[in-house]
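One structure below.
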Amino acid sequence: MTASETAEAGTLTFERVFGSPGLNGSSPRATKLSPDGRYLTLLRNREDDKDRYDLWGYDRESGEWTMLVDSEKLSSGRELSEDEKMQRERARVGNLKGIITYQWSADGKSVLVPLDGDLYLARLDGTVTRLTDTEESELNPKLSELGEYVSFVRDRQLWVGKVGEEAEPITPKEGGTVRWGEAEFVAQEEIGRSTGFWWSPNDTRIAVERADEAPVGIVTRAAIGATGTKVYDQRYPAAGTANADVRLFLMDPDGSGRVEVDLGEERDIYLARVDWSPDSKTVYIQRQNRSQTVLDMLKVDPTTGESEVLFTEKAAVADYWINLSDNYKFLDDGSLIWWSERDGFGHLYRFNDGDWTQLTKGDWVVTSLVGVDEESGRITFSGTKDGALEKHVYALDLDDPSNVTRLTDAGYTYSAKMDEAGKTLLLARSSPNQPPQSYVADSDGKHLTWIEENALNADHPYAPYLASHLMPEFGTVAADDGTPLHWMMIKPEMEAGKQYPVFIYHYGGPGPQIVDNGWEGALPQAIVDKGYIYFVLDNRGSANRGVKFEQPLYRAMGDVEVRDQKVGAEFLKSLDYVDPDKLAIYGWSYGGYMTLKRLQADPGLYAAGISGAPVTRWELYDTHYTERYMGTPQDDADAYAKSAAIEDSVKISDPMLLIHGMADDNVVFENSSELIATMQGANVPFDMMLYPGYTHKVAGEKISPHMWNAIFGFLEDNGVTPPE
């Protein structure tokens with residue numbers, strides 16, 4: 001059956017799911033307002049290539065859209081440097097093409113655009129000026145806060161120059177293992193900090209990180225490609241080993257006046273966040289201890305580098321960690337809006353002259369500080385006040401924080417951003433029967449104009465499949481301690497008296513919430529079109545349910561989350577329309593690890609398991625992530641031994657498919673190669689699909705359908721099939 005015939009029949013193939021145009025409709029990225037609020041800019045993907053993005057601008061006065069930068073016309077085709085490729089992997093945008101980021105100038109007249117490793121300045125009249133033309137990539141480009149300077153990292157130095165003039169390096173060229181102005185590996189991968197330099201608001205000083213990777217152990221990583229293998233000696237800070245030596249310096253835009261910041265006597269710490277006060281008179285630094293149980297806010301003099309502890313945040317309870325956040329803002333009056341889990345749930349507080357005031361409270365969480373209107377004293381945030389399955393946007397007044405107003409409509413789950421003044425909202429929303437929409441709203445949530453309406457009309461790419469679109473069902477099951485666990489299920493059109501196989505998707509690890517009232521995308525619908533029930537469950541450890549819900553993972557990975565997922569499987573087996581002998585489980589990364597642990601813990605419970613890019617021994621994974629939940633191997637060897645998936649892999653008796661990208665630099669391929677050797681050495685049968693040249697994200701318009709066809713071919717080969 002051809003692609004047009006399957007579309008006409010309303011049956012989704014994996015080829016169409018991952019083809020262009022994307023079935024979710026247009027997927028704009030990086031939506032921003034100009035400093036004066038007149039223009040709206042975003043990155044929009046192409047109909048004929050859903051992974052290529054161009055820069056578009058919308059004039060809110062004329063109501064007209066204009067392509068500001070055509071990435072194909074401007075592209076040099078130059079290959080990105082290895083450092084930029086790795087940064088893109090850290091940001092999970094390694095598969096995207098064209099423009100992936102940009103920045104408005106302070107005067108609102110132009111936009112800084114990186115493309116193919118070089119920098120361009122795009123003006124609103126459509127003219128584009130090339131700022132750099134070098135073989136090396138310009139990493140982390142940024143205009144200074146007032147827009148006078150352009151800055152970037154090149155060849156492990158920070159370069160600065162006035163806009164339109166040649167940039168010069170302002171940090172020493174030390175080479176070797178030293179990088180200036182770049183975030184170290186764990187900062188990019190785990191801490192949520194992608195940059196290593198920060199301009200003061202008045203453009204007079206820059207805070208610059210110096211990271212020396214010499215203490216970090218070397219992992220010889222073989223990036224196995226289709227026609228050859230490249231070997232990298234990668235500095236990879238595995239759990240229990242040394243991190244990079246990170247220091248912070250303050251200097252003028254020409255590199256003069258350089259002083260080192262006093263980060264304290266203890267060097268084995270994490271530089272979590274760096275911020276300037278609005279008046280440029282203070283640098284605020286969040287310093288996290290190695291075990292991630294204490295966070296100090298340092299107050300630093302930008303001329304001398306001298307520091308003092310402003311306040312200290314500690315883990316909410318024993319046997320817990322501090323979740324880092326970007327949900328904070330320093331205000332012009334010297335106070336601070338701050339997110340903390342100190343009462344057991346993530347809430348907002350105000351710190352003013354040494355005193356704390358709790359602004360939000362209850363058995364729900366604030367998921368994001370969206371904006372602050374300092375003029376009116378109004379705070380806008382997103383959270384789960386109306387239930388864990390829908391994120392909404394709310395507002396409160398600092399004078400009366402108990403009065404919380406919801407700004408968004410029920411039936412959707414939302415994300416939001418605001419302009420710097422906290423007066424205009426950029427809202428994105430979706431629901432089970434509405435792919436992502438975005439629009440501009442005022443501070444009360446009133447709709448002003450669509451950014452992307454994405455209406456499911458006859459012209460929408462998903463239109464041919466609407467007739468067979470099936471809505472999810474939601475419910476809860478009780479964990480072994482009575483904790484309610486949310487699940488979501490999509491069922492195919494079923495015939496009475498027949499039983500159906502279940503495709504169970506899991507992640508399982510700390511962080512992501514999988515079950516919510518948002519758009520699931522076309523992939524689950526394609527799985528359901530094949531005659532499978534699609535099922536997901538959020539086990540303990542997932543986000544947005546509070547400290548008590550996350551804490552059971554502490555030094556016990558591969559235990560409580562496996563038990564919780566088993567509860568979900570037993571619930572499925574109790575349903576008369578489920579074939580109890582045909583439960584298939586699938587997960588990637590931590591989810592791949594979960595597949596291994598579930599097959600090992602409960603032989604015979606599952607008909608088959610697919611393990612994608614799994615961590616198999618936590619000693620192989622990085623410091624900041626692993627030690628947050630597991631401590632170090634030196635401190636708790638028993639916890640590491642119990643959590644490992646290698647030794648018990650010889651007990652796997654159910655059909656298993658292992659998938660891994662052979663150039664993975666995150667969950668390095670050694671995780672799978674050790675597993676492969678162990679199972680082969682014990683004569684344990686399993687299936688395998690490896691992808692040469694692919695990193696942690698095995699994805700692409702051709703590769704993705706290949707992988708998913710391989711998964712369902714594996715299930716068919718093992719009899720996990722729909723009823724006749």
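- Two residues are said to be in side-chain contact when any heavy atoms from C-beta on lie closer than 4.5 Å; Asp275 and Val283 fail this criterion.
- Within the 4.5 Å cutoff, side-chain heavy atoms of Asp155 are placed close to those of Lys173.
- Using modelled atom types, one finds no donor on one side chain facing an acceptor on the other under 3.5 Å when comparing Thr282 with Trp276.
- Judged by distance alone, the side chain of Arg193 and the main-chain N or O of Thr195 form a donor-acceptor pair under 3.5 Å.
- Centroid-to-centroid, the aromatic rings of Phe185 and Tyr236 come within less than 6.0 Å.
- By the neighbour-count criterion of 12 heavy atoms within 6.0 Å, atom CD of Glu136 is densely surrounded, having more than that number from other residues, nucleotides or ligands.
- Taking CG of Leu523 as the reference point, atom CG of Leu12 lies at 9.5 Å (rounded to 0.5 Å).
- Ion pairing of Glu184 with Arg179 is absent here, as no side-chain N (NZ or NE/NH1/NH2) approaches a carboxylate O to less than 4.0 Å.
- For His460 and Asn454, the side-chain atoms include at least one donor-acceptor pair closer than 3.5 Å.
- Residues Tyr439 and Glu452 have side chains not in contact (no heavy-atom distance under 4.5 Å, counting atoms from C-beta outward).
- A donor-acceptor contact closer than 3.5 angstrom is absent between the side chains of Glu182 and Asn140.
- Atoms OG and OH, on Ser431 and Tyr414 in that order, are 9.5 Å from each other to the nearest 0.5 Å.
- Note on ring orientation: taking the six-membered ring where Trp is involved, the planes of Tyr691 and His706 are perpendicular (angle over 60°, cut-offs 30° and 60°).
- The aromatic rings of Tyr149 and Trp199 sit parallel, their planes meeting at an angle under 30°, below the 60° perpendicular limit.
- The backbone N or O of His392 sits nowhere less than 3.5 Å from a side-chain atom of Ser382 that would complete a donor-acceptor pair.
- In this structure, CD on Glu72 lies 8.5 Å from NZ on Lys97, to the nearest 0.5 angstrom.
- Interatomic distance, CZ of Phe152 versus CG of Leu158, reported as 8.5 Å (0.5 Å rounding).
- Crowding of Glu47 atom CD: a count of heavy atoms from other residues, nucleotides or ligands under 6.0 Å not exceeding 12.
- For the pair Asp444 and Arg378, the salt-bridge criterion is met [side-chain N within less than 4.0 Å of a carboxylate O].
- Judged purely by atom type and a 3.5 angstrom limit, Asp54 uses its side chain to pair as donor or acceptor with the backbone of Ser71.
- When all heavy atoms are compared, the tightest approach of Ile451 to Trp65 is O-CZ2, 3.7 Å.
- A donor-acceptor pair under 3.5 Å links the side-chain atoms of Arg205 to the main chain of Pro302, judged by distance alone.
- Between the CG atom in Leu407 and the CZ atom in Phe381 there is a gap of 9.0 Å [rounded to 0.5 Å].
- Between the side chain of Arg156 and the backbone N or O of Gly176 there is at least one donor-acceptor pair closer than 3.5 Å.
- Using cut-offs of 30° and 60° on the angle between ring planes, the pair Tyr465 and Tyr462 is tilted.
- Looking only at distances, no side-chain donor or acceptor of Asp116 sits under 3.5 Å from a matching main-chain atom of Ser75.
- Looking at Arg258 and Asp252, no side-chain N of the basic residue comes within less than 4.0 Å of a carboxylate O on the acidic one, giving no salt bridge.
- Under a cut-off of 6.0 angstrom, the local environment of CD in Glu420 is sparse, with at most 12 non-hydrogen atoms contributed by other residues, nucleotides or ligands.
- Not a single donor-acceptor pair under 3.5 Å links the side chain of Ser137 to the backbone N or O of Leu80.
- The existence of a salt bridge linking Asp442 and Lys423 is excluded, since no basic side-chain nitrogen approaches an acidic carboxylate oxygen closer than 4.0 Å.
- Of the possible donor and acceptor atoms, one in the side chain of Glu374 sits under 3.5 Å from a partner among the backbone N and O of Asp332.
- Between Phe18 and Phe14, the two ring planes are tilted [angle within 30° to 60°].
- Side-chain contact check for Val698 versus Ile703: some heavy-atom pair is nearer than 4.5 Å.
- The pair Asp36-Lys109 fails the salt-bridge criterion, with no side-chain N (NZ, NE, NH1 or NH2) lying under 4.0 Å from an Asp/Glu carboxylate O.
- The shortest non-hydrogen separation linking Val153 to Gly181 is CG2-O, 3.4 Å.
- Nearest heavy atom pair, residue Asp301 against residue Leu250, reads O-CD1, 4.0 Å.
- Residues Asp203 and Ser144 come closest through the heavy atom pair OD2-OG, 2.8 Å.
- A salt bridge is absent between Lys32 and Asp419; no separation between the charged side-chain nitrogens and carboxylate oxygens falls under 4.0 Å.
- Electrostatic pairing of Glu61 and Arg38 counts as a salt bridge here, judged by a charged N lying under 4.0 Å from a carboxylate O.
- Note that the OG1 atom of Thr424 and the CG atom of Leu40 stand 10.5 Å from one another [nearest 0.5 Å].
- Taking the six-membered ring where the residue is Trp, the centroids of Tyr328 and Trp339 are separated by 6.0 Å or more.
- Between the side chain of Glu190 and the backbone N or O of Asp622 there is no donor-acceptor pair closer than 3.5 Å.
- No side-chain heavy atom of Leu121 sits less than 4.5 Å from a side-chain heavy atom of Val111.
- Between His624 and Tyr270, the two ring planes are perpendicular [angle over 60°; tilted spans 30° to 60°].
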Under the criterion side-chain hydrogen bond (donor to acceptor under 3.5 Å, both in side chains), I'd like the reasoning laid out for Ser589 against His696: C-alpha separation, chi angles, the key distance, then a yes or no. CA-CA 8 Å; Ser589 197; His696 194 54; 3.0 Å; yes
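- Residues Pro169 and Gln157 approach most closely at CB-NE2, 3.5 Å, considering heavy atoms.
- No donor-acceptor pair under 3.5 Å is formed between the side chain of Ser194 and the backbone N or O of Gln188.
- Donor-acceptor pairing under 3.5 Å is lacking for the side chains of Ser27 and Asn24.
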